[in-house]
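All remarks here apply to the structure that follows.
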Amino acid sequence: GAVVSQHPSWVICKSGTSVKIECRSLDFQATTMFWYRQFPKQSLMLMATSNEGSKATYEQGVEKDKFLINHASLTLSTLTVTSAHPEDSSFYICSAREGSRNTEAFFGQGTRLTVV
Amino acid sequence: RKEVEQDPGPFNVPEGATVAFNCTYSNSASQSFFWYRQDCRKEPKLLMSVYSSGNEDGRFTAQLNRASQYISLLIRDSKLSDSATYLCLIYNQGGKLIFGQGTELSVKP
């Protein structure tokens, strides 16, 4: 099946610094990518949806200036957590799919972010 | 009301039991439906897509009821290895992929 590679798989950073997470589709063109966040024992919450070449659409309550999403190509999307704080510590995961509405979504391996 | 809701867990069942999960959705124009499985601290993995006519894959059966706006997952002859969190994923008309909150299944010997 299709592969989505997410990097890094885990990161520890100091409070106030920024962290960039990359999500790459390795063998298909991801016209749409989704970014999720999952706190312990909670569900995967959609943060934003991005289409290649367009600005991301953020869900209510997600600060677009804090979580910068770039989807500059059909194979790469990045999420940058700016000025990270301990409450941003979470499991971040990306998903990608091709254009067809009935195709499954493929998930990256996830990034476990810990802000200290 | 959440756009996608699942049965609350956890479900604790003995090996060999049959267990069923439901997932309701509020947007009647939702287009695609999937069941995913998530093991602890890992990314979700596709278990099966849900087709209008219903579909079966070994011990797993998925069904879609558009009139009542829910999908279901039936697991027969549960194995210890089936223990995981089961998530429904729905592609809504607005182009978003929305997860249910997940149902935790624990299969005991």
Side-chain angles (χ1 to χ4, degrees), chain A residues 1-7 9-10 21 23 30-52 54 56-62 71 77 89-114, chain B residues 1-10 21 23-27 29-53 55 57 62 64 66 71 84-106:
Chain A
V3 178
V4 173
S5 176
Q6 186 172 341
H7 178 80
S9 56
W10 62 270
I21 302 169
C23 181
T31 50
T32 308
M33 284 193 173
F34 305 87
W35 286 95
Y36 297 85
R37 178 169 54 182
Q38 186 177 37
F39 293 106
K41 297 196 179 294
Q42 294 188 25
S43 63
L44 286 145
M45 298 302 297
L46 180 64
M47 298 175 68
T49 302
S50 74
N51 293 294
E52 184 263 339
S54 306
T57 302
Y58 289 80
E59 294 302 298
Q60 194 172 15
V62 178
H71 191 172
S77 177
S89 299
S90 186
F91 185 61
Y92 293 86
I93 192 163
C94 68
S95 173
R97 65 186 297 175
E98 292 183 273
S100 169
R101 67 178 188 182
N102 288 322
T103 56
E104 68 177 278
F106 297 96
F107 288 85
Q109 302 93 321
T111 298
R112 192 158 300 281
L113 170 64
T114 302
Chain B
R1 182 187 173 192
K2 291 182 180 178
E3 186 167 349
V4 179
E5 295 199 70
Q6 285 187 242
D7 282 351
F21 308 133
C23 175
T24 59
Y25 59 96
S26 61
N27 187 334
S30 296
Q31 299 173 340
S32 305
F33 308 88
F34 307 91
W35 280 105
Y36 277 75
R37 169 191 170 133
Q38 185 178 30
D39 292 287
C40 189
R41 304 172 79 89
K42 299 277 185 67
E43 77 275 21
K45 292 198 182 293
L46 179 68
L47 183 63
M48 55 199 306
S49 302
V50 186
Y51 304 125
S52 297
S53 56
N55 47 305
D57 182 5
L64 166 64
R66 283 198 182 271
I71 62 172
T85 297
Y86 291 84
L87 301 150
C88 59
L89 182 64
I90 292 176
Y91 187 59
N92 73 10
Q93 190 184 28
K96 297 179 184 178
L97 281 172
I98 308 292
F99 277 105
Q101 58 265 56
T103 300
E104 185 181 343
L105 172 65
S106 179

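Letters go in sequence order (proteins before strands), and every chain restarts at 1.
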Requested in this report: Mind checking side-chain hydrogen bond (donor to acceptor under 3.5 Å, both in side chains) for B:Glu3 and listing every partner two or more places apart, or none if nothing turns up?
Outcome: B:Asn92

Query raised in the report: Heavy-atom distance under 4.5 Å to chain A: side chain of B:Tyr36, backbone, both or neither?
Result: side chain

Query raised in the report: So do A:Glu59 and A:Met47 actually touch side chain to side chain, heavy atoms under 4.5 Å?
Result: no

Requested in this report: Could you list the residues that satisfy side chain to side chain contact (heavy atoms under 4.5 Å, CB included) with B:Ser106, not counting sequence neighbours?
Outcome: B:Asn12, B:Lys108

**Report entry** Contacting moiety of A:Leu44, where chain B heavy atoms sit under 4.5 Å
**Finding:** both

Requested in this report: Can you tell which part of B:Lys42 gets under 4.5 Å to a heavy atom of chain A, answering side chain, backbone, both or neither?
Outcome: backbone

Report task. Could you look at A:Gln6 and say if it's the side chain, the backbone, both or neither that has a heavy atom under 4.5 Å from chain B? Result -> neither

Query raised in the report: What part of A:Ser9 is in contact with chain B, defined as an atom under 4.5 angstrom from a non-hydrogen atom: side chain, backbone, both or neither?
Result: neither

Report task. Applying side-chain contact (heavy atoms from CB on, under 4.5 Å) between B:Phe34 and each of B:Cys88, B:Pro44, B:Ser49, report the one that passes. Result -> B:Ser49

Requested in this report: Determine whether B:Leu97 and A:Leu46 make a side-chain contact, defined as any pair of heavy atoms from C-beta on separated by less than 4.5 Å.
Outcome: no

Report summary line: Turns out that what part of B:Gln6 lies under 4.5 Å from chain A's heavy atoms comes down to neither

